[in-house]
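For the numbers below, each heavy atom of this structure counts, side chains included, while hydrogens, waters and symmetry mates do not.
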Amino acid sequence: MSNKKISTVRGMHDIYGTSFFKQRDIIESFIKVASLFNFTPMNTPIMEHSEVFLRTLGDSSDVVMKEMYSFFDKSDDSITLRPEGTAGIARALISNGFTQNLPQKYFYYGPMFRYERPQQGRLRQFNQVGLEFFGKGSYLEDCEVIRAAHHFLIDLGIQKDVVLKINTIGKLDSRKNFIKEIKNYFNKNKKKLSSDSLKRLDRNPLRILDSKAPEDKELLETAPIIYNFLKQEEIESFENVKSTLESIGISFTLDPYLVRGLDYYSDTTFEYTLKKNDKFAVLAGGRYDNLIKELGGEKIPGVGWAAGIERIENLILKNPSIKLPIVLIPTNEKYMNYVLNISNKLYFKNIKNQILDHFNLKKSLKYANKINVKIALIIGDEEFKKTKISYKNLESGSQFTLTEKELFEKIKNE
RNA sequence: GCGACUGUAGCUCAGUUGGUUAGAGCGCUGGUUUGUGGUACCGGAGGCCGUGGGUUCGAAACCCAUCAGUCGCCCCA
């Protein structure tokens, strides 16, 4: 055993200080908005049987192929740390028999795990907030979750930094036909395809659509387009989504190349990406009509989204204030009871306070100044003798000696 | 998973073509001031130079490996 300093697991970070408070604010804002839309909270376990994700995310998806945090537990069961939240919620719906009673609206938040190469905005343990709407598959549900996303982003004050992109990838049958066609198309133009997309051609040809390689983008200009493969009701539903969003003033751009990385999606897909970097999704989701069925339930359609807390955090520039209004400074341990008593009274008035136990006025004031305290209450020999308290405003430097009653009067007026 | 760059004190970084006991600023700490903070001045602590190997008389510096971070790709929230 060496004396090497211990560190976190790669891609996993300690969250503390302003970052913690920012994350808490984001979650609080999310809870507020989701609750106003009558989504109810649900916590599913951080681990699931690997099957839950294998059956839903798709064998060819990168998440399953290389990013799952999977291991065998002591009973030799294959367990996976959840890479995303939707599959777990869907599983819970089935496990608890909630599918009998629709619609069901849930929100969740918590850590997710993906075994990826860490970089900016991409961690191995990261936090998401998300919500899911299980119902009858109406376009109104799509609009409802997008509306919730819209208000969430406004509440966070980052709506100006993002744009909403939407698309439809149709239902399974239509999509199959479309995939067949683009496969043909790209096969004919194999030579012009980028090497990355060549690999995607067999595995997941849909992904070629959102390729960033210039040679692919050129090919895409004359490629078949999904909308020509959709059935009438699929088109109608998507048109309804668009017109409803327009009518309530949620602007979006249509992106026919927006496809999602997870197999369970169908029909409407959407993404809020950064204005300054449109590859970077802050909040993303879509409809998934086969997910519950894949997990052995009935065919219940759902729609939802998830947002990365750390990615949102990076957009919020304002640091939450963590100021401490009051410190109590006894100059001698003998006065602790007196000071504890006052601290308790402050507590009952919901005033954050801390007792400094240097028993050294100078050190205490120095420390109080360092942590940016507004008021210092000093209890020393003179104060104790007269059962008074010295009230010192550290910003102005002014100081008064007050009775306890006067003190609480003064604090109330501040 | 692929490619590039980086790793020296708690933090931000210097460290000349390899050469004695590795530096600065900020921070921390003690004092000038034994009941008054912020300012000033004077002291102090704190580093196996990410880790492991190699080259060399000699390595923070050069080579290899490994770990971690950053950036790009893949992918994604």
Any donor-acceptor N/O pair, A:Ser95 side chain to A:Arg91 backbone, under 3.5 Å: yes

Separation of the P atoms in B:A14 and B:U56, to the nearest angstrom: 31 Å

Under-4.0 Å salt bridge between A:Asp142 and A:Arg287: yes

Pair A:Arg114 + A:Glu84, salt bridge at N-O below 4.0 Å: no

Aromatic ring pairing A:Tyr69/A:Phe113, orientation class (parallel under 30°, perpendicular over 60°, tilted between): perpendicular

Nearest-angstrom distance from the residue atom CG of A:Leu328 to C1' of B:G35: 17 Å

Distance between P atoms of B:C48 and B:G58 (Å, rounded): 23 Å

Spacing of the P atoms in B:G52 and B:A59 (rounded, Å): 15 Å

Ranges pairing with ranges for RNA chain B, where each run has three or more Watson-Crick or G-U pairs under 3.5 Å: B:1-7 with B:67-73, B:10-13 with B:23-26, B:28-32 with B:40-44, B:50-54 with B:62-66

Any donor-acceptor pair under 3.5 Å from A:Ser35 side chain to A:Ile31 backbone: yes

Sugar-phosphate only, base, or nothing, as touched by A:Asn360 at under 4.0 Å among non-hydrogen atoms: nothing

Rounded distance in Å - OH (A:Tyr335) to P (B:G35): 11 Å

Separation of the C1' atoms in B:C57 and B:C71, to the nearest angstrom: 41 Å

Protein N or O to nucleotides 31-33 of chain B N or O, pairs below 3.5 Å:
unit_1, atom_1, unit_2, atom_2, d
B:U33, O2, A:Lys362, NZ, 2.8

Nearest-angstrom distance from the residue atom CG of A:Asp14 to C1' of B:G10: 15 Å

Whole-Å distance separating the NZ atom of A:Lys388 from the C1' atom of B:G35: 17 Å

A:Tyr347 atom OH, over 12 foreign heavy atoms within 6.0 Å: no

N-O pairing of A:Arg147 and A:Glu144 below 4.0 Å: yes

Atom NZ of A:Lys349: over 12 foreign heavy atoms under 6.0 Å: no

Pairs meeting criterion ring pair (Phe, Tyr, Trp, His ring centres under 6.0 Å) with involvement of residues 153-210 of chain A, two or more places apart: A:Phe178-A:Phe229

Ring pair (Phe, Tyr, Trp, His ring centres under 6.0 Å) partners of residues 374-395 of chain A, not counting sequence neighbours, each pair once: A:Tyr335-A:Phe384, A:Tyr338-A:Phe384

Expected output: side-chain A:Asn369 to main-chain A:Leu365 donor-acceptor under 3.5 Å: no

Euclidean distance for C1', B:A40 against B:G46 (whole angstrom): 25 Å

Crowding at CD, A:Glu51 (>12 non-hydrogen neighbours, <6.0 Å): no

Lys/Arg-Asp/Glu bridge criterion (N-O < 4.0 Å) met for A:Glu116, A:Arg122: yes

Base versus backbone protein contacts along nucleotides 69-77 of chain B [heavy-atom cut-off under 4.0 Å; B, S, -]: SSSBBBBBB

Whole angstrom value for the distance that separates C1' of B:G38 from CG of A:Leu365: 10 Å

Protein-nucleotide distance (A:Lys334, atom NZ; B:G35, atom P), rounded to Å: 12 Å

Polar atom pairs between nucleotides 25-28 of chain B and protein, under 3.5 Å, N or O only, would you list them?
unit_1, atom_1, unit_2, atom_2, d
B:C28, OP1, A:Lys370, NZ, 3.4

Mutual orientation of the aromatic rings belonging to A:Phe37 and A:Phe39 [parallel < 30°, tilted 30-60°, perpendicular > 60°]: tilted

Side chain to side chain donor-acceptor pair (under 3.5 Å) between A:Tyr227 and A:Asn167, worked out: CA-CA 10 Å; A:Tyr227 306 138; A:Asn167 188 30; 2.7 Å; yes

Between B:G37 (C1') and A:Gln399 (CD): distance, integer Å: 11 Å

Integer angstrom distance from the C1' of B:C11 to that of B:G69: 16 Å

Separation between the P atoms of B:C62 and B:G15, rounded to whole Å: 12 Å

Sugar-phosphate only, base, or nothing, as touched by A:Glu383 at under 4.0 Å among non-hydrogen atoms: base

Separation of the C1' atoms in B:G44 and B:G37, to the nearest angstrom: 22 Å

